[in-house]
K.L.:
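This is the structure, below, for whatever I ask next.
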Amino acid sequence: MIWSLQAAPDLSDRQFDLWSKLLEERAGICLGDAQRIFLQTQISMRMRELGQSDYTQYYNRVIDGVSGMMEWSVLIDRLVVKETSFFRHLPSVNYVQEYLQHKINNSELDSSFEIWSVGCSSGEEPYTLSMVMNETFELARLEPYFGIIASDISRAALAIARAGIYPKRKVEMVDAPIRQRYFKAIEKGRYQISPEVVDRVCFNQANVLNINEFPSIELDVIFCQNLLIYFRRELRHEIMDAFVERLKPGGILICGLGEVVDWTNKEISRIAVGGVQVYVRKTAQ
Ligand SMILES: C[S@@+](CC[C@H](N)C(=O)[O-])C[C@H]1O[C@@H](n2cnc3c(N)ncnc32)[C@H](O)[C@@H]1O
């Protein structure tokens, strides 16, 4: 029987160990036994495309030099969870809106308002923030003066994000006034996001594990949701510490509810707001 018609062979314990260690080392993602079938399916599907039938040979190919890195970038697209939606966690989005509004009301905006969406997937999260920021500036009759950096490890997700085109099922969940203002129906039941929203977002392919190599920029908001949950506790804490160094004094860090527990940092205070996990960088006394 030819390989493409055969059921995928089972990953042995040793192979599962090797692959999950590689995934954790390179992307931080920690798989439990429950994801074993998922890992096996994704790897074997890719092997099938390449006409390969041996997990060890494919593993050696993935860790081999420059061509291995290229293969890795294809494989990692299949191994990450990219689920996302517009306005996914409304209380967190509202918090960013209120934070900007407060700065406007108190004339505290001296330079551009800068946001970083970390693990942005196919763009729904940074575009949500861009729409909300635009609305807030407009309501205050101010020129929109903000920028959003949006990063993800997955090139496939970023390609969708950069195109800014989404199927109807994703767009119809957005409230009518925002939908009518910022989405234009195009062919085949798809919608294109308006340029005023797209132009504010700069997408880049980046692995958050390399955060210490990122340029030191000063941000007002770091928005990181549904990414750290895949990492071990110590790694979550290390990344949160690195986030702090990139916040302006008074800047805020918002992660998903319950994604980070028992983390402290002497430069940070946790703000008690129901339904939102938010930290603020202390300002100098
Ligand atoms: C579940 S999605 C979350 C998307 C969005 N933040 C949200 O909450 O809707 C997680 C995203 O994190 C990305 N990701 C996983 N590991 C990463 C890493 N080491 N560095 C950067 N992005 C990563 C995945 O590619 C995926 O797009």
Side-chain angles (χ1 to χ4, degrees), residues 19-32 35 38-39 42 46 69 72-96 115-132 148-164 166 169-171 173-174 193 201-215 219 221-243 246 252-260 275-278:
W19 281 104
S20 28
K21 271 194 191 118
L22 189 70
L23 187 60
E24 185 165 3
E25 231 172 75
R26 291 194 175 178
I29 298 165
C30 182
L31 292 184
Q35 285 93 31
F38 166 79
L39 184 70
Q42 297 306 319
R46 178 59 187 154
M69 284 316 289
W72 170 251
S73 85
V74 176
L75 184 64
I76 189 70
D77 278 337
R78 319 270 177 104
L79 299 179
V80 288
V81 177
K82 289 178 279 213
E83 185 191 332
T84 187
S85 53
F86 292 106
F87 293 86
R88 181 172 187 181
H89 190 245
L90 196 54
S92 297
V93 174
N94 287 343
Y95 194 87
V96 180
I115 302 180
W116 184 19
S117 157
V118 193
C120 65
S121 190
S122 38
E124 289 86 334
E125 178 180 286
Y127 287 144
T128 297
L129 293 167
S130 183
M131 290 184 261
V132 172
I148 300 174
I149 304 164
S151 316
D152 203 280
I153 199 170
S154 163
R155 289 180 199 277
L158 290 168
I160 298 171
R162 288 192 177 104
Y166 296 93
R169 73 182 156 77
K170 290 211 139 195
V171 176
M173 291 152 80
V174 178
I193 305 226
V201 185
C202 172
F203 289 101
N204 73 337
Q205 197 263 340
N207 183 343
V208 75
L209 298 198
N210 302 332
I211 186 168
N212 289 320
E213 294 160 22
F214 293 3
L219 297 148
V221 179
I222 298 180
F223 201 88
C224 182
Q225 300 211 315
N226 303 301
L227 165 59
L228 299 177
I229 32 166
Y230 300 103
F231 297 173
R232 278 188 207 278
R233 180 176 163 275
E234 300 72 33
L235 182 59
R236 294 180 200 194
H237 291 188
E238 270 173 44
I239 290 173
M240 292 288 280
D241 286 338
F243 283 157
R246 279 153 184 86
I252 56 170
L253 165 52
I254 298 191
C255 50
L257 268 187
E259 281 190 72
V260 179
V276 186
Q277 191 156 346
V278 50

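In listed order, ligands and their atoms are each counted from 1.
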K.L.:
Report yes or no: does Y127 contribute a side-chain atom to a donor-acceptor pair with the main-chain N or O of A161 at less than 3.5 Å?
P.N.:
yes
K.L.:
For S117, enumerate each residue passing the side chain to side chain donor-acceptor pair (under 3.5 Å) test, keeping only those at least two apart in sequence or located in another chain.
P.N.:
E125
K.L.:
Between the main-chain N or O of R155 and the side-chain N or O of D77, is there a donor-acceptor pair closer than 3.5 Å?
P.N.:
yes
K.L.:
For the rings on F243 and F214, is their centre-to-centre separation under 6.0 Å?
P.N.:
no
K.L.:
Going by the rule side chain to side chain donor-acceptor pair (under 3.5 Å), which residues pair with R233 if we only count those two or more places apart in sequence or in a different chain?
P.N.:
D262
K.L.:
Find all protein N or O atoms under 3.5 angstrom from an N or O atom of ligand 1 and list the pairs with distances, or write 'none'.
P.N.:
| from | atom 1 | to | atom 2 | distance (Å) |
| --- | --- | --- | --- | --- |
| ligand 1 | 6 (N) | G119 | O | 2.8 |
| ligand 1 | 6 (N) | E125 | OE1 | 2.7 |
| ligand 1 | 6 (N) | Q225 | O | 2.9 |
| ligand 1 | 8 (O) | R88 | NH1 | 3.3 |
| ligand 1 | 8 (O) | E125 | OE1 | 3.4 |
| ligand 1 | 8 (O) | Q225 | O | 3.2 |
| ligand 1 | 8 (O) | N226 | ND2 | 2.8 |
| ligand 1 | 9 (O) | T84 | OG1 | 2.6 |
| ligand 1 | 9 (O) | R88 | NH1 | 2.8 |
| ligand 1 | 19 (N) | A27 | O | 2.9 |
| ligand 1 | 19 (N) | N207 | OD1 | 2.9 |
| ligand 1 | 20 (N) | V208 | N | 2.9 |
| ligand 1 | 22 (N) | I153 | N | 3.3 |
| ligand 1 | 25 (O) | D152 | OD1 | 2.6 |
| ligand 1 | 27 (O) | D152 | OD1 | 3.3 |
| ligand 1 | 27 (O) | D152 | OD2 | 2.7 |

K.L.:
Go through the structure and list residues passing side chain to side chain donor-acceptor pair (under 3.5 Å) with N204, not counting sequence neighbours.
P.N.:
S151
